[in-house]
**Q** 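Handing you this structure, nothing more for now.
One-based numbering along the sequence shown.
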Amino acid sequence: DDYMGVGTRLLGDVLESARALGAEEVEHVVDHPPMRPQFQHHPEQRTELLESVGFAFRRETGRFEWPGGEPPAVPGRLSFRTLEEIGEDSFVEAMRMVSEGTLDREIQGERERIGAERAAREFFEDARRVEHEPAWWRLAYTPEEDLVGLVMPAEPPGFLTIFYVGVVPGMRGQGYVDDLLAAGTATLLEVRRRVGNGKPLRADTDVANGPMAAAFERAGWARFAGRREYVM
C-alpha cells in the first residue's frame with residue numbers, strides 16, 4: 001500500500017549504487033500495455049514515484065513490430081556501402097547530417113546540449129555497444145554518388161531492431177526512407193533466417209516524428225505498444 005515510501009527508499013538505494021559505479025545518467029521506461037520483462041502495471045503510480053525522486057519525462061515513442069510475411073522489396077535506385085567500406089569518421093559525419101532537423105526529441109536535445117558533431121559521435125559510440133555486425137550498418141547513395149542517408153540494424157538482448165535510420169535534409173521528401181527501411185528490414189530477416197533464433201523485429205520512433213511512424217507502417221511494420229521514457 002505504501003508504494004511511495006517503499007519505492008522512494010528502493011530507488012534511493014539503486015541511484016546511490018549507480019552513482020558509485022560511475023553512472024552519469026539513469027533511464028527508465030514505462031510501456032503501455034505492460035509487457036515482459038518489466039510487466040509495468042500501474043503506470044500513473046510509477047510516473048508519480050519516478051518524478052518524486054527526480055526523473056524527468058524525455059519523450060514518448062510508438063513501438064513497432066514486424067508481423068511476418070515477405071519483406072518489402074528493396075528498390076534498386078540506391079547503392080549501399082558498409083561501415084567497413086567507408087570508415088568510422090565518414091559514418092559519424094553522415095549521422096550528424098541526418099540528425100539535422102530531426103523530429104526525434106532525444107536526438108534534437110543532444111544536438112542542442114552538446115553540439116551536432118559531439119552528439120553524433122556519442123550516439124555512434126552508444127550504438128556500437130549494441131550487438132551488430134559492421135556490414136549491417138550502411139550508407140546509401142544515388143547513382144550520382146550523392147549521400148542519401150543511412151540505416152543501422154542491430155541486435156539488442158531479446159530482439160532485432162532498426163537502431164537508427166535517417167535521410168539527409170536535401171534528400172527528404174522523395175521516399176528514400178522507404179528504401180532504407182526496406183533494406184534494413186531485409187537485413188534483419190536474413191540475420192534471423194541465418195541464425196535461426198526466431199527473435200522478433202521491433203523498433204521505436206518518437207511520436208513527434210509522424211513521418212517516420214508512417215514510413216514504418218508503409219514498410220509493413222505494425223504498432224503494438226507505446227513507451228514513455230524518463231531520465232535522471
Side-chain angles (χ1 to χ4, degrees), residues 25-41 43 46 58-74 80 82-83 91 95 98 102-107 110 122-138 140 149-166 177-231:
E25 186 175 87
V26 177
E27 301 174 349
H28 189 68
V29 299
V30 179
D31 289 336
H32 177 76
M35 61 192 67
R36 61 184 307 166
Q38 296 97 345
F39 299 106
Q40 296 173 332
H41 301 282
R46 288 177 179 275
R58 179 161 62 190
R59 66 171 185 167
E60 182 177 0
T61 68
R63 309 203 68 205
F64 291 84
E65 186 170 46
W66 178 255
E70 289 298 314
V74 182
F80 291 89
T82 68
L83 172 61
F91 204 95
M95 294 178 71
V98 302
T102 180
L103 296 176
D104 185 294
R105 285 168 289 186
E106 180 181 5
I107 296 173
E110 286 299 288
E122 291 192 1
F123 192 10
F124 178 84
E125 296 299 335
D126 285 344
R128 193 154 62 173
R129 297 185 184 99
V130 183
E131 188 70 28
H132 69 281
E133 294 179 14
W136 300 353
W137 292 7
R138 294 183 288 172
L150 58 83
V151 61
M152 300 169 65
E155 187 175 3
F159 63 102
L160 297 157
T161 192
I162 304 289
F163 192 89
Y164 191 39
V165 58
V177 68
D178 296 340
D179 302 48
L180 294 168
L181 272 179
T185 303
T187 295
L188 293 176
L189 291 173
E190 172 58 24
V191 170
R192 189 169 69 176
R193 185 201 65 78
R194 187 179 73 225
V195 178
N197 57 24
K199 289 184 177 180
L201 275 59
R202 291 179 174 172
D204 288 22
T205 188
D206 195 315
V207 296
N209 195 347
M212 192 73 250
F216 270 106
E217 292 174 347
R218 287 196 304 272
W221 294 62
R223 178 166 174 159
F224 73 97
R227 166 171 284 181
R228 291 176 64 85
E229 299 179 0
Y230 293 86
V231 63

**Q** How would you list, by chain and number, every residue that makes a salt bridge (Lys or Arg N to Asp or Glu O under 4.0 Å) with Asp204, sequence neighbours excluded?
**A** Arg63, Arg227

**Q** To the nearest 0.5 Å, what is the distance between CD (Glu106) and CG (Asp206)?
**A** 9.0 Å

**Q** Can you name the closest pair of heavy atoms from Val74 and Ala186 and give their distance?
**A** CG2-CB, 4.3 Å

**Q** What are the two closest non-hydrogen atoms of Glu131 and Trp136, and how far apart are they?
**A** O-CZ3, 4.2 Å

**Q** How far apart are the closest heavy atoms of Ala213 and Phe64, and which atoms are they?
**A** CB-CZ, 3.8 Å

**Q** Testing Asp104, Leu103, Leu181 for side-chain contact (heavy atoms from CB on, under 4.5 Å) with Met212, which one passes?
**A** Leu181

**Q** Is there a side-chain contact between Leu188 and Trp66 (heavy atoms, below 4.5 Å)?
**A** no

**Q** Less than 3.5 Å apart, which donor and acceptor atoms pair up between the side chains of residues 152-164 and the rest of the protein, not counting sequence neighbours?
**A**
residue	atom	partner	partner atom	Å
Glu155	OE2	Asn197	ND2	3.4
Glu155	OE2	Lys199	NZ	2.9
Thr161	OG1	Arg202	O	2.6

**Q** Give a yes or no on whether the backbone of Val26 and the side-chain of His28 come within a donor-acceptor separation of less than 3.5 Å.
**A** no

**Q** Locate the shortest heavy-atom distance separating Ala225 from Pro33; write the atom from each residue and the value.
**A** CB-CD, 4.0 Å

**Q** Contact between Pro72 and Thr185 at the side-chain level, heavy atoms closer than 4.5 Å - yes or no?
**A** yes

**Q** What residue pairs, at least two apart or across chains, pass ring pair (Phe, Tyr, Trp, His ring centres under 6.0 Å) with a residue in residues 186-205?
**A** none

**Q** Name the orientation class of the two ring planes belonging to Phe91 and Phe124 (parallel below 30°, tilted from 30 to 60°, perpendicular beyond 60°).
**A** tilted

**Q** Determine the minimum heavy-atom distance between Pro134 and Thr82, stating which atoms define it.
**A** O-CB, 4.2 Å

**Q** What closest approach, in Å, do Pro34 and His41 show between heavy atoms, and which atom pair accounts for it?
**A** CG-ND1, 3.5 Å

**Q** Going from OG1 on Thr187 to CD on Glu133, what distance comes out if it is rounded to the nearest 0.5 angstrom?
**A** 10.0 Å

**Q** Working to the nearest 0.5 angstrom, can you tell me the gap between Leu83 CG and His132 NE2?
**A** 6.5 Å

**Q** Do the side chains of Glu110 and Phe123 get nearer than 4.5 Å, heavy atoms only?
**A** no

**Q** Report the residue from Glu229, Arg58, Arg59 that forms a side-chain contact (heavy atoms from CB on, under 4.5 Å) with Arg105.
**A** Arg59

**Q** Count the heavy atoms of every other residue, nucleotide or ligand shown that sit under 6.0 Å from CD of Glu70, and state whether that count exceeds 12.
**A** no

**Q** Can you tell me how far apart CD (Glu27) and OH (Tyr230) are? Round to the nearest 0.5 Å.
**A** 13.5 Å

